[in-house]
Participant: 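Could you have a look at this structure, given as structure tokens, before my questions?
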Number of protein chains: 2
Amino acid sequence: MARPREFDEQEVLQKATEVFWKKGFHGSSMQDLVEAMDINRASLYDTFGNKQHLYLSCLKSYHDINQHELAGVVEGSGSARDRLRGLFILCIERFVDDPDRKGCFIANATLERVPGDPATQQLVCKTVQETEQLFRVIVEAGQQTGEINPALSPKELAQFWTTMLAGLRVVVKINPDRAALEDLMRVAMRVLD
Amino acid sequence: MARPREFDEQEVLQKATEVFWKKGFHGSSMQDLVEAMDINRASLYDTFGNKQHLYLSCLKSYHDINQHELAGVVEGSGSARDRLRGLFILCIERFVDDPDRKGCFIANATLERVPGDPATQQLVCKTVQETEQLFRVIVEAGQQTGEINPALSPKELAQFWTTMLAGLRVVVKINPDRAALEDLMRVAMRVLD
DNA sequence: CTCAGTTTTGAATACCCGTTCTAATTGCTG
DNA sequence: CAGCAATTAGAACGGGTATTCAAAACTGAG
């Protein structure tokens with residue numbers, strides 16, 4: 001064999017994600033990325049292809065981590081309504097705790113890159129479907145226990161919640177206040193009655 | 001006097017808006033703008049300052065047109081619920097009818113430029129407040145006529161609707177389907193009961 | 001008809017972009 | 001320890017970036 005890598009691929013990908021997340025695709029230069037990742041230009045290109053490909057790798061990594069975390073809440077214990085609240089509170093926490101106020105990387109990517117970048121669009125599309133599915137699982141569970149009005153369409157409710165979550169991801173950029181965001185959630189919970 | 005301008009300021013500003021709206025701030029080059037506006041570089045700089053300043057002028061122009069249109073619906077005739085629906089349907093129409101799927105310029109600007117560009121942030125902040133105020137007017141009218149549960153907080157309802165509208169502005173990028181968006185609106189209307 | 005005042009023109013500025021190249025360095029295998 | 005193979009370093013590439021400049025073109029007032 002030959003000389004081994006001096007860096008951990010996941011580790012530097014995480015650092016690149018921070019840059020893209022904060023500055024967007026066009027707002028991040030390769031110079032920014034090289035400095036943040038603390039690896040050489042050539043290593044970057046050898047390992048991650050080009051800027052576009054690196055961006056997608058970051059987006060995928062972010063998506064996987066996030067979706068896994070959300071799925072944990074959905075599969076957790078508690079009533080349907082509690083798990084629904086838990087989902088939102090988790091997201092709100094992430095937004096509010098970030099001193100850089102980067103919001104949601106995927107939401108940012110959507111508004112910057114869709115339409116125009118089919119690869120990003122595809123990933124976002126997948127994310128939306130998965131998020132809807134998470135909500136749907138909760139709704140259907142809640143309808144079985146009687147917590148949620150069984151006359152309502154699980155699909156439409158799931159889409160509503162997904163939209164609401166997307167809205168939070170915009171609003172949080174202007175008003176990153178935990179209490180206000182949780183108030184919003186409480187109002188939105190009324191559609192379940 | 002001296003030589004007069006060969007172009008109409010509002011007209012070329014509109015063309016610049018299209019570019020920024022479609023490609024974002026960093027995604028638009030001065031070359032793109034010069035070509036789209038069909039004026040000379042120097043004229044552009046003389047009239048609009050620099051790229052950042054032109055961007056803000058576009059954003060302000062878009063904001064004014066949009067807000068004026070929405071205010072028209074709010075001040076129009078019909079029940080509170082009808083006017084609420086009217087507001088959403090107007091926005092949905094705009095999104096769905098656009099072949100470029102640009103979404104909402106201000107939402108795009110928010111996720112690309114906030115935080116980091118204080119001037120954009122300030123304009124977005126103002127827009128959010130104005131939008132909330134529009135919703136609030138409708139809610140309070142509806143509570144007087146008994147269409148809307150008077151026990152609910154007008155402020156919180158207005159914020160909820162604003163968030164919902166923001167959510168639509170993200171979702172529409174992925175699924176620009178009128179029927180689906182109107183379904184979302186109908187679900188969201190349930191919070192008023 | 002002159003000429004001051006403005007706009008237009010198109011080139012030029014200096015710098016940053018994403019990407020690639022060559023050469024030097026390194027660690028593992030035989 | 002020799003030699004292979006991959007990684008590293010840092011310069012170099014052509015082209016694009018936002019912005020400015022000097023000169024030409026133009027309009028209307030005196």
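Numbers restart at 1 for each chain; the letters A, B, ... are given by sequence-line order, proteins then strands.
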Participant: Does one side chain, of A:Asn40 or A:Ser43, offer a donor that lies under 3.5 Å from an acceptor on the other?
Facilitator: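 Result is no, nothing qualifies.
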Participant: In whole angstrom, what separates A:Leu33's CG from C:dT19's P?
Facilitator: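 Atom-to-atom, A:Leu33 to C:dT19, this comes out as 11 Å.
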Participant: Does A:Gln31 have more than 12 heavy atoms from other residues, nucleotides or ligands lying within 6.0 Å of its CD?
Facilitator: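 For A:Gln31, atom CD is crowded (more than 12 foreign heavy atoms under 6.0 Å).
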Participant: To the nearest Å, give me how far apart CD (B:Glu9) and P (C:dT8) are.
Facilitator: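 It is 11 Å, rounded to the nearest whole Å.
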Participant: Nearest whole angstrom, please: distance from the C1' of D:dT8 to the CG of A:Asp38.
Facilitator: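 Going from A:Asp38 (CG) to D:dT8 (C1'), I get 13 Å.
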Participant: Between the side chains of A:His63 and A:Glu130, does any donor sit under 3.5 Å from an acceptor?
Facilitator: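 Yes, because at least one side-chain N or O of A:His63 sits under 3.5 Å from a partner of the opposite role on A:Glu130.
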Participant: Apply salt bridge (charged side-chain N to carboxylate O under 4.0 Å, His left out) to A:Glu35 and list each qualifying residue two or more places apart in sequence or on a separate chain.
Facilitator: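 A:Glu35: no salt bridge (charged side-chain N to carboxylate O under 4.0 Å, His left out) contacts found.
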Participant: Taking salt bridge (charged side-chain N to carboxylate O under 4.0 Å, His left out) as the definition, give me every residue that meets it alongside A:Asp46, ordered by chain and number, with sequence neighbours left out.
Facilitator: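 If we apply the salt bridge (charged side-chain N to carboxylate O under 4.0 Å, His left out) test to A:Asp46, skipping adjacent residues, there are no hits.
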Participant: Can you tell me the distance, in whole Å, between the CG atom of A:Asp46 and the C1' atom of C:dA23?
Facilitator: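 After rounding, the reported distance stands at 15 Å.
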Participant: Would you say B:Ser43 reaches C:dT7's phosphate, i.e. side-chain N/O to OP1/OP2 under 4.0 Å?
Facilitator: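 Answer no for this pair, as no side-chain N or O of B:Ser43 is under 4.0 Å from OP1 or OP2.
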Participant: In whole Å, I'd like the distance from the CZ atom of B:Arg5 to the C1' atom of D:dT27.
Facilitator: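 So the CZ-C1' distance, B:Arg5 to D:dT27, works out to 14 Å.
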Participant: For the residue pair B:Gln159 / B:Arg136, report whether a side-chain donor-acceptor contact shorter than 3.5 Å exists.
Facilitator: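 On atom types as modelled, these side chains do not qualify, holding no pair under 3.5 Å.
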Participant: Without decimals, in angstroms, what is the distance between A:Glu35 CD and C:dC16 P?
Facilitator: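 Rounding to the nearest Å, CD of A:Glu35 and P of C:dC16 are 12 Å apart.
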Participant: A:Glu6 has an atom CD; how far is it from atom P of C:dA24, in whole Å?
Facilitator: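 Rounded to the whole Å, the gap is 18 Å.
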Participant: Strictly under 4.0 angstrom, non-hydrogen atoms only: write out the protein contact profile of nucleotides 15-25 of chain D, one letter per nucleotide from the 5' end, B, S or -.
Facilitator: --SSBBB---B
Participant: What is the distance from NE2 of A:His53 to P of C:dG18, rounded to the nearest Å?
Facilitator: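 Rounded to the whole Å, the gap is 17 Å.
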